[in-house]
Amino acid sequence: MNAFPSPPPSSSSSSNFTLFTHSKNSNYLFKFSLKLPVLPLPCCSLGDSSTSTTVLDKNVISSKDNSRNAVSQRDSNFEGALVVRRPVMEFSGDDSDDEEQQKKEEIVEDDKPNVSAIDTGLNKFAKKMPMFEPSRMGPDSKEKPLTVNLDLALYRAKVLARKFQYEEAELILQKCLFYWPEDGRAYVALGKILSKQSKTDQAKELYEKGCQATQGENSYIWQCWAVLEMKMGNVRRARELFDAATVADKRHVAAWHGWAVLELKQGNLKKARNLLAKGLEYCGQNEYIYQTLALLEAKANRYQQARYLFDQATKCNPKSCASWLAWAQMEVEQENYRAARQLFEKAVQASPKNRFSWHVWGLFEANLGNIDKGTKLLKIGHALNPRDAVLLQSLALLEYKHSTANLARVLFRRASELDPRHQPVWFAWGWMEWKEGNLNTARELYRKALRIDSNSESAARCLQAWGVLEQRAGNLTAARRLFRSSLNINSQSYVTWMTWATMEEDQGNSVRAEEIRNLYFQQRTEVVDDASWVMGFLDIIDPAIDRLKRLFKLDPNSYNMPPDTSRNISGTNKSLVDLGSPSSISNDDKESDFDLDAFIIKRLSLDPSNLEVQLGTPKSSSVKRSQAPRRIWKSYSRIAKSVS
């Protein structure tokens with residue numbers, strides 16, 4: 001053997017070992033002395049069970065020695081001794097408080113017989129490190145809520161926005177952005193709320209931040225931003241944003257369709273068709289694309305192709321209320337009233353609570369002279385949507401035309417309370433007051449409408465109507481200024497140009513009147529469609545929802561174009577095309593089997609004999625609901641409040 005350790009000494013704190021080794025010369029042995037500190041371990045004896053729980057002798061290593069060196073000062077001076085030191089850490093705070101806390105911990109530790117010295121030291125070390133105590137790390141260390149809270153918060157914000165409680169909805173969405181900045185849904189929802197309040201600059205900044213947070217990969221934010229720019233008239237910027245949306249996700253059908261609608265408004269029909277074709281190529285069959293193509297066909301007087309495309313749209317989604325309504329509108333324009341009524345019935349069956357279906361159907365019946373049925377349909381829509389201002393506006397106009405102005409005023413006032421930023425309500429109310437001879441009241445209502453948005457299509461109509469008011473009152477200078485302001489917003493308005501020219505002619509300024517007419521024809525833009533594109537696209541989105549609001553003399557295009565007298569001649573348009581339609585729609589005079597009263601009783605739980613307009617603040621919907629959904633809603637509300 002090369003090494004022979006010497007017998008261990010009696011000291012328990014350290015041990016001396018003598019080592020022998022051979023040198024190159026076998027006649028000599030080298031001797032080394034090495035002193036190793038030994039940490040005493042619990043002693044166990046098989047014979048005595050009482051000693052099995054014995055811990056470190058408190059006299060061997062005190063807490064004071066353990067906090068410094070495990071080797072005595074005398075031994076540490078030895079050159080060959082191994083010294084184990086604890087890391088020295090600097091902590092903020094009062095040293096006296098730390099010492100007192102340390103003494104208390106030592107007293108507690110003495111009462112714990114099964115804790116080793118190593119565990120004790122690690123516990124003390126962990127307590128002084130903030131990383132082991134999240135509460136000491138500050139607000140940034142808060143635990144992130146579960147994703148389900150995001151879904152519930154977004155739903156709660158959506159409900160609040162429907163009730164026009166925009167401030168509460170904004171607070172919830174801001175918290176969503178704080179906790180989930182990478183999720184694009186909160187940006188889209190908050191941007192739409194800001195847009196509804198005409199806070200366009202804030203909405204644009206929000207969309208830009210959202211695109212940066214999502215690294216430009218969220219096509220929904222790009223598309224919403226593009227729609228906002230399109231509404232503001234920034235066509236070039238809108239094109240760039242639609243392009244970015246399609247690059248982010250080529251299967252995002254709303255981006256292709258929105259871009260196509262933009263090109264249609266600019267008169268670029270071929271570009272629009274190419275975009276719709278790409279939407280079908282990348283996204284597959286879609287009812288909105290079929291519907292938009294059908295509207296293009298109807299505009300070009302190709303009604304058979306339009307009916308085929310509408311039929312394809314309803315087959316893609318039988319629950320698409322917009323497709324049924326757009327198809328019904330085309331049949332109304334062709335004076336196929338029987339087919340149109342059947343399509344309206346299918347629309348309300350597809351989406352019983354959709355406000356547009358009841359609204360447009362009610363206007364259809366009222367324009368045919370069925371005032372009672374039209375009023376009933378509008379009241380059904382109001383019962384299902386008690387906070388919709390548009391339905392109340394139409395009811396007010398019907399009441400004014402066929403009943404009294406006082407009831408119409410009450411309905412207008414209620415509509416303005418439900419949605420104070422809905423321009424057509426103020427405009428229509430002002431028009432009624434002008435007809436009643438209340439000029440000052442009408443002027444004030446027109447001013448309120450213009451304060452909401454002075455650059456919209458409704459603002460152009462409001463300025464034109466106000467100009468007529470001033471013309472009838474003899475304020476010609478004010479009338480000219482109002483007509484000019486209206487044309488600055490919409491230079492394509494045939495009604496405004498001709499009204500202005502007529503006023504000048506009545507004043508004996510025939511030369512000026514002729515100049516105004518010439519200006520209209522010089523700046524007028526016309527879009528000529530061709531039929532060459534039809535060949536491969538019959539197997540080919542979102543209809544312009546404005547088309548549903550333009551029914552029965554509500555079409556802005558009719559405001560921009562001269563009236564077509566041929567439409568007033570019965571059967572003129574029928575002779576242009578074959579009125580053959582799909583088998584589901586008939587044109588005979590047989591009465592429909594659709595029972596409106598039975599439908600609203602069975603499907604909507606409404607009483608046909610009690611459809612009065614709610615003039616007070618609606619506390620709850622008139623539709624009866626089962627108990628289960630109410631319990632689910634309450635639980636959702638409680639969970640969503642954890643985020644708010």
Inset, instruction - Specify the closest pair of heavy atoms between L206 and G191, including all atoms of both residues, with the distance to one decimal. - result: CD2-N, 3.4 Å
Please tabulate, for the side chains in residues 399-406, all donor-acceptor contacts under 3.5 angstrom to protein atoms that are two or more places apart in sequence or on a different chain.
{"residue": "E399", "atom": "OE1", "partner": "S403", "partner atom": "OG", "Å": "3.4"}
{"residue": "Y400", "atom": "OH", "partner": "E436", "partner atom": "OE2", "Å": "3.1"}
{"residue": "N406", "atom": "OD1", "partner": "R409", "partner atom": "NH1", "Å": "3.0"}

Legend entry - M498 backbone acceptor or donor facing T502 side chain under 3.5 Å: yes
Inset, instruction - Mind listing the closest non-hydrogen atom pair of A161 and I193 along with its distance? - result: CB-CD1, 4.0 Å
Legend entry - Short side-chain donor-acceptor distance under 3.5 Å, Y303 and Q334: yes
Legend entry - Presence of salt bridge, E229 and R236, under 4.0 angstrom: no
Inset, instruction - With rounding to the nearest 0.5 Å, note down the distance linking CG in L296 to CG in L264. - result: 5.0 Å
Inset, instruction - Would you please name every residue forming a side-chain hydrogen bond (donor to acceptor under 3.5 Å, both in side chains) with W426, sequence neighbours left out? - result: none
Inset, instruction - Output the distance between atom CZ (R162) and atom CG (L160), rounded to the nearest 0.5 Å. - result: 11.0 Å
Inset, instruction - Flag the pair K373 / L377 as yes when at least one side-chain heavy-atom distance between them is below 4.5 Å, and no otherwise. - result: yes
Legend entry - NZ (K158) with more than 12 external heavy atoms under 6.0 Å: no
Inset, instruction - Before accepting this row, confirm whether a basic side-chain N of the pair R341/E365 lies closer than 4.0 Å to the acidic partner's carboxylate O. - result: yes
Legend entry - Heavy-atom side-chain proximity of F164 to K196 below 4.5 angstrom: no
Legend entry - E505 and R517 ion-paired at < 4.0 Å: yes
Inset, instruction - Could you tell me whether the side chains of S394 and H359 share a donor-acceptor contact shorter than 3.5 Å? - result: yes
Legend entry - Where K376 and L611 come nearest, the two heavy atoms and their spacing: CG-CD1, 4.2 Å
Inset, instruction - Over 60° means perpendicular and under 30° means parallel, so classify the ring planes of W497 and Y520, tilted if in between. - result: tilted
Legend entry - Non-hydrogen side-chain atoms of Q471 and R480 separated by less than 4.5 Å: no
Inset, instruction - State whether E444 and R451 are salt-bridged, where the test is any N-O pair (Lys NZ or Arg NE/NH1/NH2 against Asp/Glu carboxylate O) under 4.0 Å. - result: yes
Inset, instruction - Heavy atoms only: give me the nearest A238-L262 pair and the separation to one decimal. - result: CB-CD2, 4.0 Å
Legend entry - Polar side chain donor-acceptor pair, S323 to Q291, under 3.5 angstrom: yes
Inset, instruction - Indicate the atoms forming the closest heavy-atom contact of V390 with R355, along with that distance. - result: CG2-NH1, 4.1 Å
Legend entry - Results of side-chain hydrogen bond (donor to acceptor under 3.5 Å, both in side chains) for W358 - residues two or more places apart only: none
Legend entry - Which residues share a side-chain hydrogen bond (donor to acceptor under 3.5 Å, both in side chains) with R239, sequence neighbours left out: E263
Legend entry - Working for side-chain contact (heavy atoms from CB on, under 4.5 Å), residues L295 and K299: CA-CA 6 Å; L295 293 175; K299 186 178 180 180; over 6 Å; no
Inset, instruction - Please answer whether the main-chain N or O of R387 pairs with a side-chain N or O of N385 as donor and acceptor at a distance below 3.5 Å. - result: no
Inset, instruction - Drop me the distance from E287's CD to L309's CG, to the nearest 0.5 angstrom. - result: 13.5 Å
Inset, instruction - Would you check, one step at a time, whether the test side-chain contact (heavy atoms from CB on, under 4.5 Å) holds for W429 with K448? - result: CA-CA 11 Å; W429 191 359; K448 289 183 178 180; over 6 Å; no
Legend entry - Any donor-acceptor N/O pair, S485 side chain to R481 backbone, under 3.5 Å: yes
Inset, instruction - Check the pair L378 / H382 against side-chain contact (heavy atoms from CB on, under 4.5 Å), numbers first and verdict last. - result: CA-CA 6 Å; L378 291 175; H382 173 71; over 6 Å; no
Inset, instruction - Mind listing the closest non-hydrogen atom pair of A442 and L469 along with its distance? - result: CB-CD1, 3.8 Å
Inset, instruction - Would you mind reporting whether S456 and Q423 have side-chain heavy atoms less than 4.5 Å apart? - result: yes
Inset, instruction - Evaluate the side-chain proximity of M230 to V235: yes if any heavy-atom separation is below 4.5 Å, no if none is. - result: no
Inset, instruction - Enter the distance from F427:CZ to Q393:CD here, rounded to the nearest 0.5 Å. - result: 9.5 Å
Legend entry - Spacing of L392 atom CG and H422 atom NE2 [to the nearest 0.5 Å]: 10.5 Å
Legend entry - Sidechain-backbone polar pair: N370 side chain, A366 backbone, donor-acceptor under 3.5 Å: no
Legend entry - T292 and I289: CA distance, side-chain angles, deciding distance, side-chain contact (heavy atoms from CB on, under 4.5 Å) verdict: CA-CA 5 Å; T292 303; I289 292 181; 5.9 Å; no
Legend entry - Parallel, tilted or perpendicular: rings of Y220 and H252 (30°, 60°): perpendicular
Legend entry - Side-chain heavy atoms of T496 within contact of N490, under 4.5 Å: no
Inset, instruction - Check whether any side-chain heavy atom of Q202 lies under 4.5 Å from a side-chain heavy atom of Q197, and answer yes or no. - result: no
Legend entry - E331 bridged to R307 by N-O distance under 4.0 Å: yes
Inset, instruction - Look only at the side chain of N438 and the backbone of T441, and say whether a donor-acceptor pair between them is shorter than 3.5 Å. - result: no
Legend entry - Minimum side-chain heavy-atom gap R447-W466 below 4.5 Å: yes
Inset, instruction - Mind checking the CH2-CG spacing from W256 to N274? Nearest 0.5 Å is all I need. - result: 10.5 Å
Inset, instruction - Indicate yes or no for a side-chain donor-acceptor contact from S351 to the backbone of V348 under 3.5 Å, with no hydrogens or angles considered. - result: no
Legend entry - Aromatic W500 / basic R512 pairing, under 6.0 angstrom, 45° off normal: yes
Inset, instruction - With sequence neighbours left out, write down each residue that passes side-chain hydrogen bond (donor to acceptor under 3.5 Å, both in side chains) with D453, or none if nothing qualifies. - result: none
Legend entry - salt bridge (Lys or Arg N to Asp or Glu O under 4.0 Å) contacts touching residues 186-195 (sequence neighbours left out): none
Legend entry - Side chain S454, main chain L450, donor-acceptor under 3.5 Å: no
